[in-house]
Amino acid sequence: MPSLDSSPMAYAANPSLPDLSVLISGPPIKDPGALLRYALPIDNKAIREVQKPLEDITESLKVAGVRGLDSVERNVKQASRSLKQGKSLIISGLAESKKDHGVELLDKLEIGMEELQQIVEGRNRDAVAPKQKELLKYVGDVEEDMVDSFPYEVPEEYRSMPLLKGRAAVDMKVKVKDNPNLEECVFHIVLDGYNAPVTAGNFVDLVQRHFYDGMEIQRAKMPRILNLLVFAAADGFVVQTGDPEGPAEGFIDPSTEKTRTIPLEIMVDGEKAPVYGSTLEELGLYKAQTKLPFNAFGTMAMARDEFENNSASSQVFWLLKESELTPSNANILDGRYAVFGYVTENEDFLADLKVGDVIESIQVVSGLENLVNPSYKIAG
């Protein structure tokens, strides 16, 4: 389990198994793009009915031969039908200030679906996935245009911290050592400040300070499995970094000369604001679903001290997990660590990283305007 030190995994003494019904019925969404779309603070059934069949194309393409394309065709027709029937409801859900942009995207989406239909009819299987990705990008952008403003107030005690009130994206460039097949890789990461404004804001602020530039990967796999009873919840590995040189285990703020720490921050599905300072287990929310689950390969979260919920500072980790046995919200990481983003491009290459590989740079490529209270602008 990721922690600020090298001690054995947190909660190893008395691991709490998830309720079996949750393990079986949890939504099997593993695609980071889909998780990010569903995590947006919107409630528009019409756009979701367009989104779902477009996402289902991924499963359809797993079926070989003509049958797979027949299934894709059904997905496309369903999505097109939903768009025609629900377009007025989708437009009514757009934020007034973003309506023109949203309508423009919907027009592109309509044209794109006609093009996808032609691709399927022409039996051009290789062209399906790239067009699907393009259409889902339109869908996600339309959904973002439904968010008018940041939907809640952060608790007063955290309000002066760097906060990401919206989303941002960063590119992390890593120099890979001793790998003849991979010398350098750029990971594109989407950070979700709607559901983790303090955690994501802290990270963006550190990125702008170039805190991670030149830092090595410091952990490249889990030290051990918790035990056989919870193997399904702990399968996979982690890649971790963020421990600076010297005795400090986190970022020393030069304005205070003390380690800057942030609270544990978890958004529960159905709630309007995150919970702070407590794990969901401590709150007795054993069946609660998190808005940002540990379900995608490349889920990004904050490491912290095993016994102190509010001890996170600069150490971050990415989960390398892919298992049908651990559907969304059914493993012991959910509700115990703060997820604040997902790697959406080149995530598979995370598994190739090793201790000693170097982060050449992390750069914000979009969304910096959503960062408020940026401490990196203060002298020092």
Side-chain angles (χ1 to χ4, degrees), residues 2 32-33 35-41 140 144 147 149-155 157-172 187-212 240-242 250-251 253 260-269 271-277 290-294 296 298-304 309-319 333-345 347 359 362-377:
L35 290 168
L36 286 162
R37 286 187 286 273
Y38 282 114
L40 284 166
E144 291 211 40
V147 184
S149 58
F150 193 72
Y152 56 88
E153 283 289 341
V154 173
E157 60 263 44
Y158 311 127
R159 215 167 285 172
S160 62
M161 291 180 167
L163 305 173
L164 186 65
K165 291 193 169 183
R167 286 190 172 162
V170 300
D171 282 346
M172 181 174 72
F187 300 94
H188 187 72
I189 307 168
V190 177
L191 309 171
D192 189 348
Y194 288 123
N195 295 291
V198 177
T199 312
N202 174 72
F203 180 76
V204 173
D205 191 68
L206 293 177
V207 166
Q208 288 299 104
R209 288 175 175 270
H210 303 285
F211 176 82
Y212 297 99
Q240 186 165 322
T241 192
F251 167 64
D253 190 333
R260 182 167 83 190
T261 58
I262 58 173
L264 178 63
E265 179 179 49
I266 299 169
M267 178 70 89
V268 176
D269 196 17
E271 297 296 324
K272 294 182 178 179
V275 295
Y276 289 90
T290 59
K291 289 289 280 186
L292 299 175
F294 277 98
T299 300
M300 185 176 187
M302 291 300 299
R304 61 174 176 83
N309 293 340
N310 297 335
S311 61
S313 179
S314 60
Q315 294 194 44
V316 298
F317 68 94
W318 295 270
L319 185 66
L333 295 178
D334 284 318
R336 289 181 171 173
Y337 290 85
V339 174
F340 64 102
Y342 297 97
V343 180
T344 60
E345 293 179 21
E347 62 269 27
I359 298 173
I362 305 182
Q363 295 183 328
V364 179
V365 294
S366 67
L368 186 58
E369 68 277 6
N370 294 325
L371 182 68
V372 300
N373 309 324
S375 76
Y376 75 89
K377 290 188 176 182

Quiz prompt | Qualifying residue, where the test is side-chain contact (heavy atoms from CB on, under 4.5 Å) with Arg209 and the options are Ser314, Ser375, Pro374 | solution =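 The single option meeting the side-chain contact (heavy atoms from CB on, under 4.5 Å) with Arg209 is Ser375.
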Self-check item: Residue from Val190, Ile189, Thr299 passing side-chain contact (heavy atoms from CB on, under 4.5 Å) with Val343
Solution: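 Among Val190, Ile189, Thr299, the one meeting side-chain contact (heavy atoms from CB on, under 4.5 Å) with Val343 is Ile189.
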Quiz item: Heavy-atom count around Gln208 CD within 6.0 Å, excluding the residue itself: above 12?
Solution: yes
Does a side-chain heavy-atom distance below 4.5 Å link [X] with [Y]?
X: Val154; Y: Tyr276; result: yes
X: Leu35; Y: Leu292; result: no
X: Val365; Y: His188; result: yes
X: Val147; Y: Pro41; result: yes
X: Tyr152; Y: Pro274; result: yes

Report the distance from atom [atom1] of [X] to atom [atom2] of [Y], rounding to the nearest 0.5 Å.
X: Leu164; Y: Leu191; atom1: CG; atom2: CG; answer: 6.5 Å
X: Tyr342; Y: Phe294; atom1: OH; atom2: CZ; answer: 8.5 Å
X: Asn370; Y: Phe150; atom1: CG; atom2: CZ; answer: 9.5 Å
X: Lys165; Y: Asn373; atom1: NZ; atom2: CG; answer: 7.5 Å
X: Thr290; Y: Asp334; atom1: OG1; atom2: CG; answer: 4.0 Å
X: Asp171; Y: Ile362; atom1: CG; atom2: CD1; answer: 10.0 Å

Quick check against the 3.5 Å criterion: does [X] have a side-chain atom that pairs as donor or acceptor with the backbone of [Y]?
X: Arg304; Y: Ile262; answer: no
X: Asn202; Y: Ser313; answer: yes
X: Glu265; Y: Val198; answer: yes

Quiz item: Would you call the rings of Phe251 and Phe211 parallel, tilted or perpendicular if under 30° counts as parallel and over 60° as perpendicular?
Solution: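 If you compare the ring of Phe251 with that of Phe211, the planes turn out perpendicular.
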Quiz item: Which of parallel (below 30°), tilted (30 to 60°) and perpendicular (above 60°) describes Phe340 and Phe203?
Solution: tilted
Quiz item: Taking the six-membered ring of Tyr194, is the NZ or CZ of Arg167 close enough (under 6.0 Å from the centre) and on axis enough (within 45°)?
Solution: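 Geometry flag: not set, cation outside 6.0 Å or 45°.
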Quiz prompt | Shortest non-hydrogen separation from Thr199 to Pro263 and the atoms involved | solution =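 Minimum heavy-atom contact is OG1-O, 4.5 Å.
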Practice problem: Could you tell me which non-hydrogen atom of Gln240 sits nearest to which non-hydrogen atom of Gln315, and how far apart they are? | Solution: NE2-OE1, 3.1 Å
Quiz item: Should Asp205 and Arg260 be marked as a side chain to side chain contact (heavy atoms under 4.5 Å, CB included) after you check the CA-CA gap, both sets of side-chain angles, and the distance that decides it?
Solution: CA-CA 12 Å; Asp205 191 68; Arg260 182 167 83 190; 3.1 Å; yes
Quiz item: Going by an N to O cut-off under 4.0 Å, is there a salt bridge joining Glu271 and Lys291?
Solution: no
Practice problem: Would you check, one step at a time, whether the test side chain to side chain contact (heavy atoms under 4.5 Å, CB included) holds for Tyr376 with Leu371? | Solution: CA-CA 11 Å; Tyr376 75 89; Leu371 182 68; 3.8 Å; yes
Exercise. Carefully, step by step, assess Phe187 and Met300 under the rule side chain to side chain contact (heavy atoms under 4.5 Å, CB included).
Key: CA-CA 12 Å; Phe187 300 94; Met300 185 176 187; over 6 Å; no
